[in-house]
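In what follows, a structure is listed as structure tokens, so that the remarks can point back to it.
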Protein chains: 2
Amino acid sequence: MTARPPSPLLHEASSCSIATTVALLGDRWTLLILRDLFRGTRRFSDFQSNLGIARNLLSERLTRLIDYDLVEKVLYQERPPRYEYHLTPKGADFSPVLIALMQWGDRWYANDGPPIELIHQTCGHPLEQHVTCPSCHTDLRPGQIRSRPGPGAIPEIADGHEIEE
Amino acid sequence: MTARPPSPLLHEASSCSIATTVALLGDRWTLLILRDLFRGTRRFSDFQSNLGIARNLLSERLTRLIDYDLVEKVLYQERPPRYEYHLTPKGADFSPVLIALMQWGDRWYANDGPPIELIHQTCGHPLEQHVTCPSCHTDLRPGQIRSRPGPGAIPEIADGHEIEE
DNA sequence: GGACTGAGTTGCAAATCTAAACCCACCTCC
DNA sequence: GGAGGTGGGTTTAGATTTGCAACTCAGTCC
């Protein structure tokens, strides 16, 4: 069976990259599978035992990630053929989302400190994620952000919105 | 009816902030409701017509967001009582996740340029999101990131992992 | 030959989602 | 003062999706 997009609202996907991304990857298991891929999990049975996901769902989600080119199957043994699942550049590029999810959870739920720290490989310091204005060289808080239609906007939607503080 | 967490894997939630966050908010509608909240949508019927979500689900998701303190109900009219939904500080703090989702979608799917741009309120420049090492003052790529157990780690899990490139 | 492993597929019950109908309090128009 | 509209829901019934267990299949180990 072919893996279908899970999504409602594909009509909206074209006008908002959040909707696009959520339509592709925005279910619980897919995000956790990606997390495991970032941590180095590569084999079907390892995902299955780490996550406790049903095998049919794991199979379907991995197929979808391959269809969308976030993951590729790599043969690691010929007879019988066995494959590992590796992140592609597109999949690896998803890391800021997982970092943001993790840091939000750390800030609001990790009372004893974060269960896992992400660190800079070469120096060992915990990393940070920032939203910045490249022109003003400052970090931005949510209240200082606005949105406006970009070059790919659908013409009829022509007014910008204020972002909530 | 009380809103329940949607999640499988609450057992795992305690050891990983991504799992915690995904368990709370990781369904498609909740992320899109938060997106709309950031854009300034406040009223039930506006969410409903923007998203095309079924009303019972919208009601349940908003209740959950209130239970988890990302959203608060604000009375804007007394007779009959009418409420608006506003982001709390905890809800507003979720913006980096949405920015990360949006920028990934922009990079990989917005062939005509991003449909929406986020800009610095005061200067109008498009903003950027970065993962940095505060010690080395450099931006980090996925391959330069490792993870290790933090202060809130469950004791038995004691080895760090390399993050995939 | 028999047990075991990795990676799935199949079938069915249980949970979730969608759509549509219904409800209630008020307001406006005529 | 009745008819219709608005905002914000709840209820119900039917379609989808998910979760779980059992089964398959190809090949290896002993």
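Each chain gets a letter, A, B and so on, in the order its sequence line appears, and its residues count up from 1.
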Return no unless some side-chain N or O of B:Arg61 is found under 4.0 Å from OP1 or OP2 of D:dG9. no
Co-members of B:Tyr83 in a cluster of I, L, V, M, F, W and Y side chains, linked at under 4.5 Å: B:Leu75
B:Phe44 has an atom CZ; how far is it from atom P of C:dC24, in whole Å? 17 Å
Non-hydrogen atoms of B:Leu118 and B:Ile99 that approach each other most closely: CD1-CG1, 3.7 Å
Rounded off to whole Å, could you give me the CD1-to-P distance for the A:Ile53 and D:dC20 pair? 10 Å
Between C:dT18, D:dG8, D:dT18, which nucleotide has the shortest distance from any of its atoms to the side chain of B:Ala54? C:dT18
Rounded to whole Å, CG of B:Leu57 lies from C1' of C:dA15 at a distance of 13 Å
Value in whole Å for how far the C1' atom of D:dG7 lies from NZ of B:Lys73: 12 Å
Rounded distance (Å) that lies between atom P of C:dG6 and atom CD of A:Gln48: 12 Å
Are A:Thr132 and A:His130 close enough, and set up right, to give a side-chain hydrogen bond (donor to acceptor under 3.5 Å, both in side chains), and what steps lead you there? CA-CA 6 Å; A:Thr132 59; A:His130 296 275; over 6 Å; no
Would one find a side-chain N or O of A:Ser59 under 4.0 angstrom from OP1 or OP2 of C:dA7? no
Need one value for A:Tyr85: base, sugar-phosphate or nothing, where a base atom within 4.0 Å counts as base even if backbone is also close, heavy atoms only. sugar-phosphate
Using a 6.0 Å cut-off, check whether atom CZ of B:Arg107 has over 12 heavy atoms from anything other than its own residue. yes
Got a donor-acceptor contact below 3.5 angstrom from the B:Ser59 side chain to the B:Arg55 backbone? no
Check every atom of D:dT11, D:dC20, C:dA7 against the side chain of A:Tyr76 and return the nucleotide holding the closest atom. C:dA7
C:dA7 C1' sits how many Å from A:Leu75 CG, rounded? 13 Å
What are the atom names and distances for every N/O pair under 3.5 Å that joins the protein to nucleotides 23-27 of chain D?
residue : atom : partner : partner atom : Å
D:dG27  : O3'  : A:Arg79 : O            : 3.4

What is the distance, rounded to the nearest whole Å, between atom CD of B:Glu78 and atom C1' of D:dG7? 16 Å
How many Å lie between CD on A:Glu60 and C1' on C:dT9, as a whole number? 13 Å
Check whether any side-chain nitrogen or oxygen of A:Trp29 sits under 4.0 Å from OP1 or OP2 of D:dT17, and answer yes or no. no
Transitive ILVMFWY cluster of B:Ile119 at side-chain heavy atoms under 4.5 Å: who else is in it? none
If each of A:Leu62 and A:Asn56 is mapped to the nucleotide of DNA chain C with the nearest heavy atom, which maps nearer the 5' terminus, i.e. the 5' end? A:Leu62
Tell me whether B:Asp27 is salt-bridged to B:Arg64, with the criterion being a basic N under 4.0 Å from an acidic carboxylate O. yes
